[in-house]
Amino acid sequence: MTAPSLPAGIAALHAAYAAGLTPASLLDSLSARHEALADPGIFLHQPDPAALQAAAAALPPFDPARFPLWGVPVAVKDNIDVAGMPTSAACPDFAHLPAESAPAVARLLAAGALVIGKTNLDQFATGLVGTRTPHPIPRNACAPDRVPGGSSSGSAVAVAQGLALLALGTDTAGSGRVPAALNGLVGLKPSVGAIPSRGVVPACPSLDCISVFAHSVADAWAAYAVMAGADDRDPWSRPIALGTPGAALTRLGIPRATDLHLDGAEQRAAWEASLARIAPHVAIEEFDLTPFLEVARLLYEGAFVAERDAAFGHLVPRAAMHPVTQRILAGAARFTATDAFAGLHRLAALRLATLPAWGRMEALLVPTAPNFPTLAELEADPIGPNARLGTYTNFVNLLDLAALAVPAMRRPDGLPFGVTLIGPRASDAALAATGAKLMQVMA
């Protein structure tokens with residue numbers, strides 16, 4: 001027998017609570033649902049059921065106006081600290097018990113959320129496929145023979161499989177967007193520094209963001225609004241004026257034909273079907289994405305990979321790391337300090353080259369992922385398909401942009417396909433309004 005499904009969103013869950021549902025019974029149904037799924041790869045740690053029930057019992061009286069996430073089950077990627085739960089970043093030798101929760105998690109808890117567990121990931125958040133873990137690989141919620149997307153694989157699958165209404169991921173090169181696209185979800189990647197990254201195991205500290213997975217833009221925004229804000233203990237904190245989603249944007253740029261990198265007829269058909277639904281509602285113009293795509297290549301093909309080595313390469317012996325993680329970090333050795341500064345200089349030039357585009361478009365609309373690799377393809381080539389997945393995601397944080405991934409028209413074979421809205425720093429609310437509108441026209 002299939003366990004009862006979660007209500008469709010935060011508003012529906014709160015309506016169910018008002019009608020008599022209890023957090024305790026909800027947690028029981030989520031546990032039964034997880035057991036029925038029989039997927040051991042989603043969570044790396046789950047609290048003892050008694051501890052979860054105690055957390056539910058300790059909630060304040062039901063008041064969603066005061067506690068906007070009251071009783072909402074949230075999964076947290078296991079590179080984000082939750083007090084009382086181990087943080088491992090999918091590296092058993094690194095596992096430790098943090099003394100305090102990351103500020104983002106603490107703010108969710110203060111808003112009434114229930115953290116139901118820590119989720120699997122590409123080790124040390126290095127990857128876009130979700131298979132670079134020493135643990136069982138989470139099964140893609142829509143196609144078990146395909147990758148779940150990474151690095152926030154477990155978080156995306158937890159929401160897609162109805163085990164949580166919200167999940168936290170991280171996003172440095174697309175890890176909050178690619179898993180959303182491959183599992184039919186919303187993935188909100190905020191402006192860099194808008195949510196404190198303190199308490200996150202760093203991948204690239206200058207680029208790291210905490211991201212949100214949800215079924216709707218409204219739910220993702222509710223979590224973002226709770227977590228956003230300054231943190232005077234975080235050197236990377238750069239709060240923005242958050243605002244609230246208002247009118248949708250009406251001028252979108254898309255890749256010109258020569259910049260449209262989509263693998264296979266199924267991906268291309270989904271993109272064209274999505275544009276056909278969107279075009280009557282907004283003005284769409286093709287743009288030369290050459291400087292954007294060159295920035296994307298800088299992240300892994302240039303000296304920027306050395307920031308990963310500086311961030312976590314010293315945390316455990318290399319032999320304790322996943323083989324692909326070792327291979328990526330080893331690549332940092334071929335670059336010098338001179339190379340690093342040359343990369344920064346090139347990035348500055350490319351950032352300048354992208355600026356005129358923002359005078360003509362309000363946001364960029366791109367396929368979230370150009371491909372949807374099978375597990376067999378990843379086994380044959382652990383690097384190539386992963387690099388391909390970052391085509392339209394890698395440049396975003398390097399250019400200090402905001403992004404929102406939303407489900408789009410499905411592929412002809414029924415598999416999910418997603419598009420991403422990208423805008424200048426602090427355009428988060430405008431992207432949210434636009435993303436919600438796009439989901440309506442493509443429903």
Side-chain angles (χ1 to χ4, degrees), residues 9-11 13-14 17 23 45 47 51-52 54-56 58-85 87 97-119 152 155 158-159 164-171 176 186-202 205 208-214 216-245 402 404 426 428-429 432:
I10 295 173
L13 177 61
H14 283 166
Y17 282 142
H45 172 81
L52 270 178
L59 286 172
F62 179 58
D63 185 351
R66 184 178 176 191
F67 304 102
L69 300 181
W70 195 95
V72 173
V74 178
V76 177
K77 186 176 180 178
D78 192 31
N79 63 340
I80 305 172
D81 287 345
V82 178
M85 301 186 195
T87 298
L97 199 64
E100 62 178 327
S101 294
V105 172
R107 293 170 185 179
L108 292 178
L109 293 170
L114 293 169
V115 174
I116 61 166
K118 304 293 292 295
T119 55
S152 310
S155 288
V159 174
L165 268 187
L166 300 169
L168 300 189
T170 58
D171 190 307
V186 170
L188 189 157
K189 189 225 74 80
S191 294
V192 178
I195 298 172
S197 58
R198 182 167 59 88
V200 175
V201 180
D208 294 340
C209 298
I210 289 178
S211 63
V212 185
F213 295 101
S216 71
V217 175
D219 282 3
W221 188 265
Y224 181 24
V226 165
M227 294 186 290
D231 176 13
D232 59 11
R233 294 170 57 193
D234 180 1
W236 303 104
S237 176
R238 292 192 295 142
I240 63 172
L242 195 61
T244 55
L404 179 72
D428 306 47

Trainee: How close do Pro196 and Ile210 get, heavy atom to heavy atom, and via which atoms?
Mentor: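 So the minimum-distance heavy-atom pair works out to O-CD1, 3.6 Å.
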Trainee: Tell me, do Leu13 and Trp70 make a side-chain contact under 4.5 Å, heavy atoms counted?
Mentor: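 When only atoms from C-beta onward are counted, Trp70 and Leu13 do not touch, as no gap falls below 4.5 Å.
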Trainee: Show the nearest heavy-atom pair for residues Cys209 and Pro190, with the distance to one decimal.
Mentor: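 For Cys209 versus Pro190, the nearest heavy atoms are SG-O, 3.7 Å.
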Trainee: Asp219 and Val72: side chain to side chain contact (heavy atoms under 4.5 Å, CB included), yes or no, with the steps?
Mentor: CA-CA 10 Å; Asp219 282 3; Val72 173; over 6 Å; no
Trainee: Is any side-chain heavy atom of Leu59 closer than 4.5 Å to a side-chain heavy atom of Leu114?
Mentor: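 When only atoms from C-beta onward are counted, Leu114 and Leu59 do touch, with a gap below 4.5 Å.
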Trainee: Should Val226 and Pro68 count as side-chain neighbours, where that means a heavy-atom distance under 4.5 Å?
Mentor: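 When only atoms from C-beta onward are counted, Pro68 and Val226 do touch, with a gap below 4.5 Å.
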Trainee: Quick one: which residue pairs count as a salt bridge (Lys or Arg N to Asp or Glu O under 4.0 Å) with a foot in residues 106-118, not counting sequence neighbours?
Mentor: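 Residue pairs passing salt bridge (Lys or Arg N to Asp or Glu O under 4.0 Å), neighbours aside: Asp78-Lys118.
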Trainee: In the structure I gave you, are the side-chain heavy atoms of Ser101 and Val82 within less than 4.5 Å of one another anywhere?
Mentor: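 Heavy-atom side-chain distance check passes, below 4.5 Å.
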Trainee: Can you label the angle between the His14 ring and the Tyr17 ring as parallel, tilted or perpendicular, going by 30° and 60°?
Mentor: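 His14 vs Tyr17 ring planes: tilted.
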Trainee: Do the non-hydrogen side-chain atoms of Leu108 and Leu168 ever get within less than 4.5 Å of each other?
Mentor: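 Touching, per the 4.5 Å side-chain cut-off.
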Trainee: Regarding Thr170 and Lys77, is there a side-chain donor-to-acceptor distance under 3.5 Å anywhere?
Mentor: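 The criterion, which ignores hydrogens and geometry beyond distance, is satisfied for Lys77 and Thr170.
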Trainee: Quick one: are Tyr224 and Asp428 in side-chain contact, heavy atoms under 4.5 Å?
Mentor: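 Side-chain contact under 4.5 Å: yes.
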Trainee: Is any side-chain heavy atom of Val200 closer than 4.5 Å to a side-chain heavy atom of Asn79?
Mentor: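 Side chain of Val200 against side chain of Asn79, heavy atoms only: contact under 4.5 Å found.
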Trainee: Decide yes or no for Val105 and Asp81: does some side-chain heavy atom of the first lie under 4.5 Å from some side-chain heavy atom of the second?
Mentor: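 No, every pair of side-chain atoms sits at 4.5 Å or beyond.
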